[in-house]
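Computation of the quantities below employed the complete heavy-atom set of this structure, encompassing side-chain atoms and omitting hydrogens, waters and symmetry-equivalent molecules.
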Amino acid sequence: MSTRKGMQRITSYFVIFALLVCIEPSSAQNSILIANYSKNEYQGGNQNWDLSLDNKGNVFVANNSGFLTFNGANWHINQLPGKTIIRSVAYDNGRVYTGSFEEFGYWHINSSGEWNYQSLIPLLKDYALHNDEIWKIVKHNNSIYFQSFGAIFRYDNNTIMPLKVPGLVLFLLEADGHLYVQQINGGLFEIIDTEIVPIPGSGIFKNTEIKAIIPLNEKEFLIGTSSEGIFKYDGQSFTEWKN
């Protein structure tokens, strides 16, 4: 199961890359410097699930063995109390949020320069997690959203609110100030504060998976799917993008 999810994430990155190449063909002319780091160098597990950057260029990685940090010279690994696999990571305003199996919270640097972990699970109070793994973390409108396939949580003002999801859902997708999620074998929904609102006409995606949504211009988005090509969305309707 984890391999399939890993491939979904890789496919998502590939679709985003393909869309960007379609929009900006000249970008393919640019030179890109790539540095490879082996497992022996970063001292973590074989699989890296997600990554994030801060405004200084520090790298944060969700890894099988824990929370990896890289400052451009040195790697360091931190582990959750339960030593579970970290599936998602997102930096925001001095905190690094991570998600794991039935666990999510944030890391921050203490006065000694060490990373400390603060779980947000106690804020759920009476809500019971059911084998949830947090696969996606997104900041949207000053709130942090944590998403598993069966639940979405909004963290705001030191409170956690579970959102009412329309069944099982795929990954959160943010584009130009909008936050979307697709129901598995279903249509597309927009998340507005704590409401998950169905988008009319998006049932056309029930037999495929939406992998990426990016702005095409001021009024339209491009929607990349796993098996049915690319569509344009103008806020009212969906049309096949024949480019």
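Within a 6.0 Å sphere centred on CG of Asn185, other residues, nucleotides and ligands contribute 12 heavy atoms or fewer.
A donor-acceptor pair shorter than 3.5 Å can be found between the side chains of His178 and Glu190. Between the side chains of Asn58 and Asn71, not a single donor N or O lies within less than 3.5 Å of an accepting N or O.
Of the inter-residue distances, the one linking Ile85 atom CD1 with Glu133 atom CD reads 7.0 Å to the nearest 0.5 angstrom. One distance of note links OH of Tyr233 with CG of Leu216; it measures 14.5 Å at 0.5 Å rounding.
Between Tyr155 and Tyr145, the ring center distance fails the sub-6.0 Å criterion. Ring centroid separation for the pair Phe146 and Phe153 does not come in under the 6.0 Å cut-off. Residues Phe60 and Trp115 bring their aromatic ring centres within 6.0 Å.
Heavy atoms only, all atoms of each residue included: Gly99 and Ile137 are closest at N-CD1, 3.6 Å. Here the shortest heavy-atom pairing between Lys136 and Leu172 reads CE-O, 3.3 Å.
When atom types are taken as modelled, the side chain of Asn116 and the backbone of His108 share no donor-acceptor pair closer than 3.5 angstrom. Distance alone, capped at 3.5 Å, places no donor-acceptor pair between the Gln79 side chain and the Phe67 backbone.
A continuous path of Ile, Leu, Val, Met, Phe, Trp and Tyr side chains, each step under 4.5 Å between heavy atoms, connects Ile199 with Phe221, placing both in one hydrophobic cluster. At a threshold of 4.5 Å between side-chain heavy atoms, the hydrophobic network of Ile, Leu, Val, Met, Phe, Trp and Tyr places Ile109 and Ile86 in one connected group.
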Quick one: do Glu103 and Tyr117 satisfy side-chain hydrogen bond (donor to acceptor under 3.5 Å, both in side chains)? Show the steps, please. CA-CA 11 Å; Glu103 176 61 49; Tyr117 180 72; 2.6 Å; yes
Show your reasoning for whether side-chain contact (heavy atoms from CB on, under 4.5 Å) applies to Ile223 and Ile214. CA-CA 7 Å; Ile223 297 178; Ile214 63 172; over 6 Å; no
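The ring-ring contact (aromatic ring centres under 6.0 Å, His included) test applied to Tyr37 returns Phe70, Trp75, not counting sequence neighbours.
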